[in-house]
Number of protein chains: 2
Amino acid sequence: MQQLFEKEVYVERRHILKKAIGKGIILLTGNADSPMNYTDNYYPFRQDSSFLYYFGLDIPGLVGIIDVEKDVEAIYGKEADLEDVIWTGPMPTLQELAAQVGISMVSPLKEVAAFLQSAIHHKTAIHTLPFYRADNKLRVSSWLQMPIDLVERYISVPLIKAVVAQREVKQAVEIAEIDKAASISAEMHVAAMQFARPGMYEYEIAAKMEYVALAAAGRLSYPTILTINGQTLHNHYHGHKIQKGHMVLADAGAENVMHYAGDLTRTFPVDTVFTASQRDVYNVVLTSFEAAVAALKPGVAFKDIHRLACVKLLEGLKNLGIIRGDVEAAVEKSVHTLFFQCGLGHMMGLDVHDMENLGEAYVGYTDAILQRNEFGWKSLRLGKPLSAGFVLTVEPGIYFIPQLIDSWKAQNKLGDFINYEQLENYRFSGGIRIEDNFLITPTGARLLGQPLAKTVQEIEEMRYAARYQA
Amino acid sequence: MQQLFEKEVYVERRHILKKAIGKGIILLTGNADSPMNYTDNYYPFRQDSSFLYYFGLDIPGLVGIIDVEKDVEAIYGKEADLEDVIWTGPMPTLQELAAQVGISMVSPLKEVAAFLQSAIHHKTAIHTLPFYRADNKLRVSSWLQMPIDLVERYISVPLIKAVVAQREVKQAVEIAEIDKAASISAEMHVAAMQFARPGMYEYEIAAKMEYVALAAAGRLSYPTILTINGQTLHNHYHGHKIQKGHMVLADAGAENVMHYAGDLTRTFPVDTVFTASQRDVYNVVLTSFEAAVAALKPGVAFKDIHRLACVKLLEGLKNLGIIRGDVEAAVEKSVHTLFFQCGLGHMMGLDVHDMENLGEAYVGYTDAILQRNEFGWKSLRLGKPLSAGFVLTVEPGIYFIPQLIDSWKAQNKLGDFINYEQLENYRFSGGIRIEDNFLITPTGARLLGQPLAKTVQEIEEMRYAARYQA
């Protein structure tokens, strides 16, 4: 399902990258097929996102090379022969493919080794990005004829910084794609809320959501979380039967045809209505969500919006009698991390955690604003000041994790702030998260994708309508 | 969705393996998570099939070790800590997990390196299986403190042969699972035949099929082929609009919860009926299919059944005027490979091409019956005599590949047998394949899974009913 932007988009992106790097050779290794249970039974192909960004071609086994000084851009790959045509159908030539992204020079893949070795021989700097797939690391190691551990020396901080600076500010054509991905994601959640009935298994609802992504020529942008145990932050078990009284936390999104991600979370009751205590906690999360969204604008550091969201969560929990004392002071002491162990949000784009393989230090922080390493704060992927063109998630939550509560309670940790007795009443209340996707605009932020039911009333109406329409 | 057989199943399997190997250490490396577009965004976990067979546990990052002489069996892995509980929920201990498959000894994963190095130091043989994932090869290389290229010396032919001898004869508990997987696969095809309408895109129908697998708590056992270009053997492009006059070839199957595969193909008209010429070719394939199925029984070499199927295909094409002369002689000259470029079938089990990573020389052939390496024959994955307990596919087809026809016609290749003029009338007739799954029984073969519409009449009835019911 290869789809591309206009070739000028890629030409311009590479032009900016070359200017930023100045000299040397940029090596962007496209992904190969990823074996599942034997070599030729592979997972759905996913091109590397940086390769997609600069070279566009959604085909396994390509390599993109930019010789900055000589201003030469080339795609290395393997031409299809008659045997390939029999098995995989007629294919355009490499030349035809490369032309679609504004590149005229193509070479057989087997020549990439000689090219790179010659560069090393001539002491030309090679810039590449961190490896996240072992096979790519092995390929580069073999091209360079170098032990596997040594290839990491070619991971280039200047290249990482240049790529982050480009990819973090989304172009109009990209925003349009993320908008589509977020809308497909919203349809996935509508399908879940309309479909779920007491007595179903979690996997049945997860399947319905994935179907919506597939039927839109997309796929999941990440493994779906669909669980009655929303307090488990990355829960990919889908084997429980859902029953009245449970809430379902669904964190799922689509990657659209152009490989841009959506990432939405909703928490809804298996019954048509929330219980009173579920509604109370839900509204605490919603208030925090709305305060965070209202604070989004260029120049504000996301770590400060995270802190604001935490204050709002504790204010709400104070109203429920779980927290006492000054909430600002409580956040200073990280009291919120008993309930909100993770971060408020992250960058989004071609990756659902955009550019995560390039390192959070570069994507989410700056040389001046460093990631904190205490529990809770260390899971905040984004801290730096926002700029227009950033796309990110806002996803506060409250998670009652019995094991964590027990661990803190045993030490009476932060007992001045936490009413552990009252907390016991919420021990099995699970987890609630609300998550939407936003574009930072020059003056604030804009929701991406079609709006999706979010208030208690909207969600209960959707659950009620679904129940009595089927 | 961890599910297991009774622990005695695994104990017995390992017991047989130990007896077959006699001495040394057996190292079975379980799979880790496989990164998609960055390290922590991974594909759905798929355990290694041999690890599943002997150690059962469907969890990433485990290693199974059997010290044959000392009769010690151990699972190496990482215990969950509180941080893991927060992110992935409460987990049983390694000890509890191992006990489910009859193993009492567990060790921290980091100790596997010392254990293996000590074995090497004591000149104890280490037996392992071929690598198909680069990360596993890297892990073993790091445990052994050995350059990546040298770890292949531990790939053990005795272990491969012992594993093949066990896994190729399916146990009753396994047959029950393959039966379920084949039935889910049949439901996928029913869904496609009921759902497909002129004007839809291929991916919409592929999505509907995958949904059936997911909603049964399963997944695809291999990437779906769903195409109006059935002549392209491994066609994973799903971007065409289907129209009246086209046929849809759907080759798709489910992997069930226990990770056993189904693998079915049907070819159906986008209209409610086949055209006359489509029906003619379809019936040629069906006649070949039925002859092959009737020939399945213990002791018969599958290569001879493949040959029988080829004879039947050419007989049918002779009736259509495409082939002339003696069809037995034509098969001897490989005339059939212009229309049937691949093999009649393959083993099935935990892998859809069962044990393909262990090598076709062992899985599909014997020391006496070797795989032929000419075009067509080299793609026959299974040639050896059948035994009761084998599970395999039968999947003859006719594929009109314009580029291949042109290449042969230009040389008038085998012109005594091929009426190229008449063949031109079928040039754009695409491809037709019919595929079912069979268990070899003591006296013949049994279809696995619920029967699925297969004759022209059955398929047209299903297409007609779907059209007028919606």
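Letters A, B, ... mirror the listed sequences (proteins, then strands); counts begin at 1.
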> Taking C-beta and beyond as the side chain, do B/Val363 and B/Arg381 meet within less than 4.5 Å on heavy atoms?
Replying inline: no

> Relative to chain A, which of B/Glu204, B/Glu210, B/Glu202, B/Met355 shows the most heavy atom pairs under 4.5 Å?
Replying inline: B/Glu210

> Of the backbone (N, CA, C, O) and the side chain (C-beta and beyond), which part of B/Ile225 lies under 4.5 Å from a heavy atom of chain A, both, or neither?
Replying inline: neither

> Checking A/Ser141 against chain B: side chain, backbone, both or neither under 4.5 Å from a heavy atom?
Replying inline: neither

>> Once rounded to the nearest 0.5 Å, what's the spacing between atom OG1 of A/Thr224 and atom NE2 of A/His238?
In response: 6.0 Å

> Where does the angle between the aromatic ring planes of A/Tyr43 and B/Tyr43 fall among parallel (under 30°), tilted (30 to 60°) and perpendicular (over 60°)?
Replying inline: parallel

> Would you say A/His346 and A/Asp263 make side-chain contact, with heavy atoms under 4.5 Å?
Replying inline: yes

>> At a heavy-atom distance under 4.5 Å, which candidate from A/Ile401, A/Asp351, A/Leu220, A/Leu404 has the highest pair count against chain B?
In response: A/Asp351

>> Given heavy-atom pairs under 4.5 angstrom as the criterion, report whether the side chain, backbone, both or neither of B/Ser34 touches chain A.
In response: side chain

>> Report which part of A/Leu350 has an atom under 4.5 Å of a heavy atom belonging to chain B: side chain, backbone, both, or neither.
In response: backbone

> Is the shortest heavy-atom distance from the side chain of B/Phe340 to the side chain of B/Ile398 under 4.5 Å?
Replying inline: no

>> Heavy-atom cut-off 4.5 Å, strictly under: side chain, backbone, both or neither for A/Asn41 against chain B?
In response: side chain

>> Looking at every heavy atom in both A/Leu358 and A/Ile160, which two are closest together, and how far apart are they?
In response: O-CG2, 3.6 Å

> With a 4.5 Å heavy-atom cut-off, do A/Thr39 and B/Glu356 have their side chains touching?
Replying inline: no

> B/Ala207, B/Ser221, B/Ala206, B/Cys342: which one forms the most heavy-atom pairs within less than 4.5 Å of chain A?
Replying inline: B/Ala207

> B/Ala213 versus chain A, heavy atoms under 4.5 Å apart: side chain, backbone, both or neither?
Replying inline: neither

>> Heavy-atom pairs under 4.5 Å with chain A - which of B/Glu83, B/Gln231, B/Gln47 has more of them than the others?
In response: B/Glu83

> Checking heavy atoms, do the side chain of B/Phe45, its backbone, both or neither come under 4.5 Å from chain A?
Replying inline: backbone

>> Would you say that B/Arg133 contacts B/Asp48 through its side chain, given a criterion of any heavy-atom pair below 4.5 Å between the two side chains?
In response: no

> Any side-chain heavy atom of A/His353 within less than 4.5 Å of one from B/Asp40?
Replying inline: no

> Do other residues, nucleotides or ligands put more than 12 heavy atoms under 6.0 Å from the OH atom of A/Tyr201?
Replying inline: no

> What part of B/Ser407 lies closer than 4.5 angstrom to a heavy atom of chain A: side chain, backbone, both or neither?
Replying inline: side chain

> Of all of A/Asn37, A/Leu214, A/Asp135, A/Leu138, which one pairs up most often with chain B through heavy atoms under 4.5 Å apart?
Replying inline: A/Asn37

> Between A/Pro147 and chain B, which part of the residue has a heavy atom less than 4.5 Å away: side chain, backbone, both or neither?
Replying inline: neither

> Checking B/Lys208 against chain A: side chain, backbone, both or neither under 4.5 Å from a heavy atom?
Replying inline: both

>> For a 4.5 angstrom cut-off between non-hydrogen side-chain atoms, does A/Tyr399 reach A/Arg433?
In response: yes

> What part of A/Asn136 gets closer than 4.5 Å to chain B, counting heavy atoms only: side chain, backbone, both or neither?
Replying inline: neither

> Quick one: what part of A/Val352 sits under 4.5 Å from any heavy atom of chain B, side chain, backbone, both or neither?
Replying inline: both

> B/Ser49 versus chain A, heavy atoms under 4.5 Å apart: side chain, backbone, both or neither?
Replying inline: side chain

